[in-house]
Every structure is written in structure tokens, then in C-alpha cells.
Novice: 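First the structure, then my questions, so here it is.
The sequence lines fix the lettering, A, B, ..., with proteins before strands; numbering per chain opens at 1.
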Amino acid sequence: MNAATSRFTIFQTRWGHFGLACRRESVCATSLPTPTRAAAQEALLANLPAAPADALFEQGLCPALQQRIIAYFEGENVDFSTDPGVDLASYSSFGQAIMAGCRQIAFGQTRTYSELAHHAGRPGAARAVGGTMARNPVPLIVPCHRVVRTDGGLGGFSASGGIATKRRMLLHEQNAIAAAMPPAALVVTA
DNA sequence: CAGCACTAATTCA
DNA sequence: TGAATTAGTGCTG
């Protein structure tokens, strides 16, 4: 059998069925929670770079990672910024810089498309950043939902659930942080 | 070659 | 003052 064959799994989180696919030791695709298992699988395979038909189902795939993802949807502050590895080989150098910059956005924080572009050394390429995010195959692992517009708008979102999911995830993270923070920290506003 | 998950500057009311 | 328009941007179908 082909050593590069993708393996995938679908598992239940508090928000619904989450899809996860790996190739070798890297995550190559994820899909955000959907109401049905079938929808999750469809969304996941759509994010697979190549040969979805060859992907093998594996129930116990990356158990530790599954637990972290489940914990995320339970409202825990989970950090995916350095782990797991993601396969970015198919990206241009610009795309890789954008994806890397995006992963550095901490839980509960946001950045603008413009800031990411600037970080990648292309100050005017905010729109190109949007294009890269739009095709992100690993939502949540690369937290593309934390990228918003400069004018305060959310921008767009093409993963499962669309813009509503993006807003919900941002609120979810901010609530998680607020819950973990002592009330005294809120008095700062001058 | 047209079109994006964008932005900042410019142009008209 | 404020809404609408327009270049500039890097990549994809």
C-alpha cells in the first residue's frame, strides 16, 4: 500500500461531528463540526488535497489530538500553534508565511488581514491573505477564524457553517478567557 | 484573464 | 461628513 495514503476519522464534539485527516505524521485536513456525520465527511474530503477515494478510515487516529479538539469545543483554552504539524508543501512561499503567521494568533485574540500581510512582508496584500485563508484546508488547527477585517467586520468564512460559525468560535474563545479570568481584571478600563 | 474571506485613498453629494 | 468607487495585491480556475 501507498505510504502517503491519507487516513481520516470523524468524531463527536459538543458542537457536532468533527473531521480530521492525516498524511504521514502531519495533519492534512480538518472540517469544523456539522450536525451529521455524513456532512462532516463530505466537508473533510473536500479539503483533502488529492485522491479522497484512497483515504482510509481509522477510528482511533491521533487520539491525543482528538481529545484536544474535543476539549476546545468544551470551552477549554487549547493551543494548536506549534502542534500538530501541518503539511504546507503545496503552498507558495507567500502562502506559507501567511499560514505560519496565522497560527501564531493566540486563543481568544484576533488579527486583521492587513496585519498578516504586513507580517509576511507584503503590506499591501491583505486581499491575497483573504484568498489564502479562504482555501485553508485545516480550520481550527490554523485558526483562520481569528482573522478579521480592519474596519471591525468579520470578513468571510467558507468552512462549515459559514460566517455564523466564525462569529460563534470567536465568542466561544472570548467567553472561555473571561471565565478563566478573575473579575478584578475587568476593572482596568480607564 | 477575471475574481476573491481586504484596505486605504479618492471622489461625489 | 459620509457613502461609493477604485487601484493595488498574490494566487487560482
Novice: Checking Gln66(A) side chain against Gly60(A) main chain: does a donor-acceptor pair fall under 3.5 Å?
Specialist: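 No; judged by distance alone, with no hydrogens or angles, the pair does not exist.
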
Novice: To the nearest Å, give me how far apart CZ (Arg111(A)) and P (dC6(B)) are.
Specialist: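 In whole Å, dC6(B) P lies 18 Å from Arg111(A) CZ.
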
Novice: Of the non-hydrogen atoms in Gly101(A) and Leu116(A), which two are nearest, and what is the gap between them?
Specialist: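 Shortest heavy-atom separation between Gly101(A) and Leu116(A) comes out as C-CD2, 3.6 Å.
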
Novice: I want to verify a distance call: between dC6(B), dG10(C), dA5(B), whose nearest atom is closest to the Ala126(A) side chain?
Specialist: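 Taking heavy atoms from C-beta onward, the closest nucleotide is dC6(B).
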
Novice: Checking Asp87(A) side chain against Arg23(A) main chain: does a donor-acceptor pair fall under 3.5 Å?
Specialist: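 A pair under 3.5 Å: no.
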
Novice: Name the closest nucleotide to the Ser114(A) side chain, picking from dC11(C), dA5(B), dA8(B).
Specialist: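 Selected nucleotide: dA8(B).
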
Novice: For Ile163(A) and dC4(B), give me the distance from atom CD1 to atom P, rounded to whole Å.
Specialist: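 Answer to the nearest Å: 16 Å.
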
Novice: Using whole Å, report how far CE of Met169(A) lies from P of dA5(B).
Specialist: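 Computing the Met169(A):CE to dA5(B):P distance gives 18 Å.
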
Novice: Quickly work out the Arg122(A) CZ to dA8(B) C1' distance and round it to whole Å.
Specialist: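 Rounded to whole Å, this separation is 19 Å.
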
Novice: Within the side chain of Ser26(A), is there an N or O that forms a donor-acceptor pair under 3.5 Å with the backbone of Cys28(A)?
Specialist: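 It does not hold such a pair.
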
Novice: With sugar-phosphate meaning primed atoms plus P, OP1 and OP2, does Ala128(A) contact a base, only sugar-phosphate, or nothing at under 4.0 Å between heavy atoms?
Specialist: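 Since a base atom lies under 4.0 Å of Ala128(A), the category is base.
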
Novice: Give the residues of residues 144-151 of chain A touching DNA chain B, defined as any heavy atom closer than 4.0 Å, sorted by residue number.
Specialist: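 Under 4.0 Å from DNA chain B: Cys144(A), Val148(A), Arg149(A), Thr150(A).
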
Novice: Between Tyr91(A) (OH) and dG10(C) (C1'), how many Å, whole number?
Specialist: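 So the two atoms are 13 Å apart, to the nearest Å.
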
Novice: Considering only dG8(C), dT7(B), dT12(C), which nucleotide approaches the side chain of Arg127(A) most closely?
Specialist: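 Per side-chain heavy atoms of Arg127(A), the pick is dG8(C).
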
Novice: How long is the line joining CG of Leu116(A) and P of dC4(B), in whole Å?
Specialist: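 In whole Å, dC4(B) P and Leu116(A) CG are 21 Å from each other.
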
Novice: Considering every strand and a 4.0 Å limit on heavy-atom distances, what is the contact class for Tyr113(A): base, sugar-phosphate, or nothing?
Specialist: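 Contact class for Tyr113(A): base.
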
Novice: What does dT9(C) pair with, Watson-Crick or G-U, if both distances are under 3.5 Å?
Specialist: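 Base-paired to nothing in any strand shown.
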
Novice: When you measure from the side-chain N and O atoms of Ser92(A) to the phosphate of dC11(C), is any distance below 4.0 Å, counting only OP1 and OP2?
Specialist: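 Answer yes for this pair, as a side-chain N or O of Ser92(A) is under 4.0 Å from OP1 or OP2.
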
Novice: If I compare all heavy atoms of Thr30(A) with all of Asn47(A), which pair ends up nearest, and what's the gap?
Specialist: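 Smallest heavy-atom distance, with atoms named: O-ND2, 2.9 Å.
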
Novice: C1' atom, dA5(B) versus dA3(C): distance in rounded Å?
Specialist: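 dA5(B) and dA3(C) have their C1' atoms separated by 23 Å.
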
Novice: Quickly work out the His118(A) NE2 to dG10(C) C1' distance and round it to whole Å.
Specialist: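 Taking NE2 of His118(A) and C1' of dG10(C), I get 17 Å after rounding.
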
Novice: To the nearest Å, how far apart are Arg135(A) CZ and dG10(C) P?
Specialist: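 Interatomic distance, CZ of Arg135(A) to P of dG10(C): 14 Å.
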
Novice: Heavy atoms only: give me the nearest Ile105(A)-Arg146(A) pair and the separation to one decimal.
Specialist: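 Where Ile105(A) meets Arg146(A) most closely, the heavy atoms are O-NH1, 2.9 Å.
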
